[in-house]
S.K.: 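Just dropping this structure here.
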Amino acid sequence: MTRRRLLVPIVAIATFVALASGGAAAAAWLASASVTANASSATVATTLTQAGSLTTTYRYAGTTSPTARGTLAIANTGRAPLTYTLANQLTGSTALAQKTTLQLWTGTCGPTPPSTGVITTTLADPAPPLPSAARTIAPGATVTVCLATRISGTDASAANAALQGQSVTAVFRVTGAVGSDWTATAEAAPFTQTAYRIDPAGAVACTAARWGEVTLNWTAPANRVAGSPVTYRIFDTASGDTLDTVTADAATASVTLGGYDLPRNGTFALAVEARDATSGTTATASAPVSVIRTTPWNLGILFPSLRCS
């Protein structure tokens, strides 16, 4: 019993002597212990809210698309100051993400980024740097990060043709930390960006016309822009030879072919390839339709004619 009662004052005296003699070191030890205690007892929490028009389909001609814009509102909802990092998780086309410029800044989220303080990277960056004003956020404060994305640059065709129809989905995530022990993470809603590609012409049908001719009819691509012209190439799927081209801006289109449009007698599989006249994207070919060419006697002469299979 006597020994136990003596241990407490001895430990207390030893601690007092160490702190009294340590000066600045003792003060640092006390400050470190206080910060650790405060961080561990505080609620470390954060939210991330995304807004704007980052989900988009880029429809453009040339090498640079229009700009998509959005915001990320990072809120420190806990009771300790947090140091933030940003992460970006991608699924889909890496090629499209690499060609998509990503810009981040704070301040006014207008149509044009400011001349300074802008982080420029690509959508393929897994850890885009945050602007300096968003790297440390006080308890209860919110910082809004402005975002802008656009396709920029060229591929081997010098017009980004290889990106047609490709899509990428991105999810931004922030992590707020106190030191290395206490962290809070929040994730924004995913957004998807697509490089426009015109859909195929649909429902190609063959009907008989006069004088041994046939008419091919089809519907316009489902995703065409109303009022924008579409150029259609009618071709032989076996040889790839173009038989005719038609440009139309209506919901349906057609072409009439005669016997001399095909090189010889036989059965031909003809298809329609749509090309968007504004952005220059080319669709995959439509389902083919069969047309038969024969050369019967007509009024005493050989006259090549077509009929639907």
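Being a predicted model, the structure only gives us computed values, none of them experimental.
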S.K.: Within the distance-only criterion (no hydrogens, no angle test), does the side chain of E213 pair as donor or acceptor with the backbone N or O of L257 below 3.5 angstrom?
M.R.: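 Side chain of E213 to backbone of L257, a donor-acceptor pair under 3.5 Å: no, none is there.
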S.K.: When you measure from the side chain of S286 to the backbone N and O of V272, does any donor-acceptor pair fall under 3.5 Å?
M.R.: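 Side chain of S286 to backbone of V272, a donor-acceptor pair under 3.5 Å: yes, one is there.
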S.K.: When clusters are formed by joining ILVMFWY residues with side-chain heavy atoms under 4.5 Å apart, either directly or through shared neighbours, do Y60 and V168 land in the same one?
M.R.: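 Linked, Y60 and V168 end up in one cluster.
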S.K.: Please report the interatomic distance OG(S290) to CG(L270), rounded to the nearest 0.5 Å.
M.R.: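 One finds 8.0 Å between OG of S290 and CG of L270.
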S.K.: Checking side-chain contact (heavy atoms from CB on, under 4.5 Å) for the pair S228/D249: CA distance, chi angles, key distance, verdict?
M.R.: CA-CA 6 Å; S228 178; D249 60 8; over 6 Å; no
S.K.: Give a yes-or-no answer on whether the side chains of Q164 and T282 include a donor-acceptor pair shorter than 3.5 Å.
M.R.: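 No.
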S.K.: Aromatic rings F191 and F172: how do their planes relate, parallel, tilted or perpendicular, breaks at 30° and 60°?
M.R.: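 Correct class here is tilted.
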S.K.: I'd like to know if the side chain of T294 pairs up with that of N265 as donor and acceptor (distance under 3.5 Å, no hydrogens or angles considered).
M.R.: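 No, because no side-chain N or O of T294 sits under 3.5 Å from a partner of the opposite role on N265.
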S.K.: When you check the side-chain N and O atoms of D125 and T122, is any donor under 3.5 Å from an acceptor?
M.R.: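 On atom types as modelled, these side chains do not qualify, holding no pair under 3.5 Å.
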S.K.: Between L72 and T144, does the side-chain contact (heavy atoms from CB on, under 4.5 Å) criterion hold? Intermediate values first, please.
M.R.: CA-CA 6 Å; L72 289 174; T144 298; over 6 Å; no
S.K.: In terms of heavy-atom contacts, does CZ of R307 have more than 12 from other residues, nucleotides or ligands at under 6.0 Å?
M.R.: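 No, CZ of R307 has 12 or fewer neighbouring heavy atoms, counting only those of other groups under 6.0 Å.
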S.K.: Group every Ile, Leu, Val, Met, Phe, Trp and Tyr by side-chain heavy-atom contacts under 4.5 Å, then state whether L243 and V289 land in the same group.
M.R.: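 Result: yes, single cluster for both.
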S.K.: Keeping T56 on the side-chain end and Y58 on the backbone end, is there a donor-acceptor pair under 3.5 Å?
M.R.: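 Here the side-chain-to-backbone pair does not exist.
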S.K.: In the single-linkage hydrophobic clustering (I, L, V, M, F, W, Y; side-chain heavy atoms under 4.5 Å), do F235 and V246 co-cluster?
M.R.: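 No, no single cluster joins them.
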S.K.: Are I119 and W105 connected in a single hydrophobic cluster, I mean Ile/Leu/Val/Met/Phe/Trp/Tyr linked by side-chain heavy atoms less than 4.5 Å apart?
M.R.: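 Shared cluster, no.
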S.K.: Check whether any side-chain heavy atom of T207 lies under 4.5 Å from a side-chain heavy atom of N217, and answer yes or no.
M.R.: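 They are in side-chain contact.
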S.K.: Could you give the distance from CD (Q193) to OG1 (T100), rounded to the nearest 0.5 Å?
M.R.: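 Here the interatomic distance stands at 6.0 Å.
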S.K.: Does some side-chain heavy atom of V44 sit less than 4.5 Å from a side-chain heavy atom of L82?
M.R.: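 SC-SC contact between L82 and V44 confirmed.
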S.K.: Provide the closest heavy-atom pair for L104 versus P128 in the form atom of the first, atom of the second, distance.
M.R.: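 Shortest heavy-atom separation between L104 and P128 comes out as CD1-CB, 4.3 Å.
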S.K.: Flag yes if V204 and I292 sit in one hydrophobic cluster, no otherwise; membership is Ile, Leu, Val, Met, Phe, Trp, Tyr, and two members link when side-chain heavy atoms are under 4.5 Å apart.
M.R.: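 No, V204 does not connect to I292 through the hydrophobic network.
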S.K.: Can you confirm whether the side chains of R79 and T43 place a donor and an acceptor under 3.5 Å from each other?
M.R.: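 Checked: R79/T43 side chains pair up, N/O donor to acceptor below 3.5 Å.
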S.K.: Taking C-beta and beyond as the side chain, do R150 and T64 meet within less than 4.5 Å on heavy atoms?
M.R.: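 Yes; the side chains approach each other to less than 4.5 Å.
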S.K.: Kindly indicate whether the side chain of R173, heavy atoms from C-beta on, has any atom under 4.5 Å from the side chain of Q89.
M.R.: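 Yes; the side chains approach each other to less than 4.5 Å.
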S.K.: When you measure from the side chain of R59 to the backbone N and O of Y196, does any donor-acceptor pair fall under 3.5 Å?
M.R.: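 No, the answer is negative, given that no donor and acceptor are paired below the 3.5 Å cut-off.
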S.K.: L90 versus T169: any side-chain heavy-atom pair under 4.5 Å?
M.R.: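 With C-beta onward as the side chain, the pair stays apart.
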S.K.: About how many Å separate CG of L102 and OG1 of T149, when rounded to the nearest 0.5 Å?
M.R.: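 Going from OG1 on T149 over to CG on L102, the span is 7.0 Å.
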S.K.: Between L123 and A170, which heavy-atom pair has the shortest distance, and what is it?
M.R.: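 So the two residues come closest at CD1-CB, 4.3 Å.
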S.K.: Once you round to the nearest 0.5 Å, how far does OG1 of T121 lie from CG of L86?
M.R.: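 Here the interatomic distance stands at 10.5 Å.
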S.K.: Just by distance, do the side chain of N76 and the backbone of T46 share a donor-acceptor pair under 3.5 Å?
M.R.: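 Not a single qualifying donor-acceptor pair exists.
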S.K.: For a quick test of reading the model, state the closest non-hydrogen atom pair linking R293 to P304 and the distance between them.
M.R.: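 Smallest interatomic distance, heavy atoms only, reads NH2-CB, 3.3 Å.
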S.K.: For T106 and V143: C-alpha separation, side-chain torsions, deciding distance, then whether side-chain contact (heavy atoms from CB on, under 4.5 Å) applies.
M.R.: CA-CA 8 Å; T106 54; V143 174; 4.0 Å; yes
S.K.: Does a donor on one side chain sit under 3.5 Å from an acceptor on the other, for T247 and T231?
M.R.: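 Result is yes, a qualifying pair exists.
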S.K.: Side-chain contact, heavy-atom cut-off 4.5 Å: I74 with V145?
M.R.: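 Yes; the side chains approach each other to less than 4.5 Å.
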S.K.: Can we call the ring centroids of Y232 and W218 under 6.0 Å apart?
M.R.: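 Yes; W218 has its ring centre under 6.0 Å from that of Y232.
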S.K.: Do S305 and P296 have side chains that approach each other closer than 4.5 Å (heavy atoms only, starting at C-beta)?
M.R.: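 Contact flag for S305/P296 side chains = yes.
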S.K.: Between CD of E273 and CD1 of I234, what distance do you get to the nearest 0.5 Å?
M.R.: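 Between E273 CD and I234 CD1, I get 10.0 Å after rounding to 0.5 Å.
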S.K.: C206 vs T215, test: side-chain contact (heavy atoms from CB on, under 4.5 Å). Steps then yes/no.
M.R.: CA-CA 6 Å; C206 179; T215 298; over 6 Å; no
S.K.: So does P111 get a backbone contact from the side chain of R69, meaning a donor-acceptor N/O pair under 3.5 Å?
M.R.: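 Checking the backbone N and O of P111 against the side chain of R69, a donor-acceptor pair under 3.5 Å is found.
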S.K.: Between atom OG1 of T175 and atom CG of L48, what is the distance when rounded to the nearest 0.5 Å?
M.R.: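 One finds 10.0 Å between OG1 of T175 and CG of L48.
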S.K.: Between Q103 and T101, is any pair of side-chain heavy atoms under 4.5 Å apart?
M.R.: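 Yes; the side chains approach each other to less than 4.5 Å.
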S.K.: For T252 and T219, which I'm curious about, is there any donor-acceptor pair between the side chains at under 3.5 Å?
M.R.: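 Looking only at side-chain atoms, T219 and T252 do not form any donor-acceptor pair under 3.5 Å.
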S.K.: Using modelled atom types only, decide if a donor and an acceptor are shared between the side chain of S254 and the backbone of L216 within a distance under 3.5 Å.
M.R.: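 No: the side chain of S254 does not pair with the backbone of L216.
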